[in-house]
Amino acid sequence: MSGGPLLQVDGLRMHFFTKAGVVKAVDDVSFTVGRGEILGLVGESGSGKSMTGYSILGLVDPPGRVVEGRIVFDGTDLTRLDPAAWRGIRGNRIAMIFQDPMMTLNPVLRIDTQIVEAVQAHSGVSRESALARAREALVRVGIASPDERLRAYPHQFSGGMRQRVAIAIALVNGPDLIIADEPTTALDVTIQGQILFEMQKVCRESGTALLWITHDLSVVAGLADKVCVMYAGRFVESGPVADILDRPLHPYSRGLIDSVPARNERGQPLRQIPGMTPSLLSLGPGCPFRERCSSATPRCAESPEVTEPSPGRRLRCFHPAR
Amino acid sequence: MLAYAIRRFGQSVFVLVLMSFLVFIGVYAIGDPIELLVNPQADEVERVRAAAALGLDRPFLAQYWVFLKGAASGDLGRSFVYNEPALTLILDKLPATIELAFVAMVMAIGLGIPLGLLAGLKPDSFIGRAIMAGSILGFSLPTFWVGLVLIMVFSVQLGWLPSNGRGETMMVAGLPVSFLTADGLAHLAMPAVNLALFKLSLLIRLTRAGTREAVLQDYVKFARAKGLSQGRVIGVHVLKNILIPIVTVIGLELGSVIAFAIVTESIFAWPGSGKLLIDSINQLDRPVIVAYLLVIVTLFIVINFVVDVLYSLLDPRVRLGGAAASH
């Protein structure tokens with residue numbers, strides 16, 4: 001164990017080398033996650049937030065590749081590890097949960113097989129003790145009659161139950177960090193609330209840090225300690241959750257927060273950010289948000305540097321809101 | 001499961017009766033076997049006597065009824081030509097065909113699935129493209145032509161392999177088999193390769209398509225995120241999912257390889273049942289044709305039943321008999 005943050009992503013760039021050109025899916029993104037801390041990674045579809053998560057686990061498929069930056073996890077730069085060592089960390093010290101629980105479990109394998117293999121991939125325990133740990137993990141995520149459930153197949157579960165199983169698989173090796181890629185988006189609202197509650201409880205109990213990738217600011221507001229906002233593959237701003245939600249500095253974060261329908265504005269037209277996300281293929285230098293930004297000036301054609309307007313907050317903008 | 005098996009059995013009997021009736025009509029319509037069986041110089045008395053001896057003087061439906069009664073007690077009639085029970089004739093020849101078909105299928109499966117996986121995992125690599133190009137050749141070259149080229153190269157030019165017959169056989173459980181002796185293997189090699197080539201290409205393409213689809217699925221990414229080795233992700237998570245269509249096709253192809261290995265058997269003079277069928281059709285030897293097709297249909301029915309059972313083992317969502325499995 002080292003004294004620094006649990007995870008430090010520094011200047012990460014992940015590009016897809018396609019026939020049509022280089023797609024800069026993640027372009028200079030930096031953030032840190034402390035031990036037991038919950039970071040909300042927020043952005044629209046295509047902002048590169050999921051790709052950031054995959055990069056941390058080394059799960060980027062060709063033609064994608066991490067081209068630059070460091071991913072320091074507990075003092076080790078993961079990008080310098082060989083594939084076998086990185087595999088030893090995946091699912092063991094860093095686990096991941098995906099968006100669609102209907103798709104993440106293998107339909108032709110029993111639940112016990114799918115949990116036990118995750119245990120046995122990282123420790124040489126017997127099948128019996130791996131099963132005992134699987135059972136324990138199911139109990140922790142609130143699944144009743146775990147013995148019966150272990151022998152079932154995924155199609156015998158509802159969506160919410162499948163996501164609980166996926167969370168149990170993520171928890172089974174006692175990871176230090178869980179990367180959760182919109183795990184509640186595909187669920188209905190009541191189940192979403194339950195899953196959020198369970199995740200928060202389990203992570204607090206075990207001191208597991210969470211990187212919660214989402215486009216839903218209301219989820220982040222209730223869950224996260226810190227927020228990092230991304231736009232078009234680039235870092236926009238970050239800081240403690242209350243600061244960002246109350247006083248967003250970047251025009252994009254402000255637009256995002258304003259887009260959430262509020263209760264006291266019933267009947268009013270909903271607000272939105274004008275325009276569309278730019279194509280990552282044709283994105284030149286400069287602030288990618290300037291086409292849609294009401295504060296943009298000619299200066300925004302240059303890329304702004306990351307500044308620290310107040311302790312704990314970081315920002316990439318020439319014209320922060322006051 | 002038992003109810004399912006019984007229902008399947010009932011359906012199968014119906015299919016067999018219907019099929020035999022259609023074949024009866026077909027052979028009846030082609031022509032009169034007496035014309036071929038009796039010496040052209042024979043007089044009318046002789047012809048009538050021969051027709052009466054074979055039961056061919058009776059009306060069509062009466063002939064079919066006699067056949068059905070015999071079939072119910074396991075007697076599929078005697079060959080007009082060889083004057084032996086048709087079933088015995090076929091069962092004498094069928095083991096050679098089945099051996100050839102099994103060896104060909106084992107080759108096709110043993111090579112096709114690994115090569116298809118490789119081509120599916122690395123579609124843009126040189127090896128992936130080479131496998132696909134090869135499979136197009138295997139797909140499009142006619143079987144008889146490949147057989148002739150094999151004989152030209154390996155028997156005529158190089159003189160490595162014999163071009164016809166079964167070679168030395170060994171008795172296993174009362175049946176002669178070739179694949180256990182060196183000479184038998186040498187005889188088996190070319191016909192088996194010839195027969196396997198098309199199935200191999202089919203399996204390569206099927207496996208590749210399934211693999212390419214499966215590797216994009218979330219469950220594969222999730223399996224990798226669990227830190228599983230590449231071998232387990234491919235060998236368990238991908239393979240078990242793509243095996244479902246592959247098993248179906250293997251089942252169908254195994255049946256068709258046994259039933260229609262005729263071209264390969266003719267080229268390599270393999271003493272199997274394909275040649276018997278062709279001869280019987282030429283001589284309008286109706287009992288043998290009907291019995292042969294009944295045996296083949298039975299084979300298909302059995303294979304399909306096995307495939308259905310394998311299905312339910314491979315895919316938990318499939319339950320035989322249509323019983324709901326959800327909780």
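Protein chains get the first letters and strands the later ones, always in sequence-line order, with residue 1 at the start of each.
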task = Please test A/Q114 against B/H237 for side chain to side chain donor-acceptor pair (under 3.5 Å), starting from the C-alpha separation and ending with a verdict.
result = CA-CA 10 Å; A/Q114 302 198 43; B/H237 285 261; 5.3 Å; no
query = Could you go step by step and tell me if B/K221 and A/M103 meet the side chain to side chain contact (heavy atoms under 4.5 Å, CB included) rule?
reply = CA-CA 10 Å; B/K221 202 147 207 169; A/M103 307 297 293; over 6 Å; no
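Heavy-atom pairs under 4.5 Å with chain A were tallied for B/V220, B/N241, B/V236, B/I244; the largest tally goes to B/N241. Put simply, of A/N173, A/I89, A/L105, A/L57, the one with the most heavy-atom pairs under 4.5 Å next to chain B is A/L105. Ranked by heavy-atom pairs shorter than 4.5 Å toward chain B, the options A/I179, A/T113, A/L109, A/D100 are led by A/L109.
Using a 4.5 Å cut-off between heavy atoms, A/A170 makes no contact with chain B at all. Proximity to chain B is limited to the side chain of A/Y54, based on heavy atoms less than 4.5 angstrom apart. For chain B, the nearby part of A/I169 is the side chain; its heavy atoms alone come within less than 4.5 Å. Residue contact with chain B, scored on non-hydrogen atoms closer than 4.5 Å, involves the backbone and the side chain of A/P107 alike.
Remark: the backbone N or O of B/G227 is paired with a side-chain donor or acceptor of A/R87 at under 3.5 angstrom. With hydrogens and angles disregarded, a donor-acceptor distance shorter than 3.5 Å links the side chain of B/K240 to the backbone of A/V108.
Residues A/E117 and B/R232 meet the side-chain proximity criterion, which asks for heavy atoms closer than 4.5 Å. A/N106 is not listed as a side-chain neighbour of B/F222, based on a closest heavy-atom distance of 4.5 Å or more.
Remark: B/L228 CG to A/Q120 CD distance equals 10.5 Å, nearest 0.5 Å.
Around CD of B/E213, the count of heavy atoms belonging to other residues, nucleotides or ligands within 6.0 Å does not exceed 12. With a 6.0 Å radius and a threshold of 12 heavy atoms from other residues, nucleotides or ligands, B/F9 has its CZ atom at or below the threshold.
With salt bridges taken as basic N to acidic carboxylate O contacts below 4.0 Å, one links B/R224 and A/D61.
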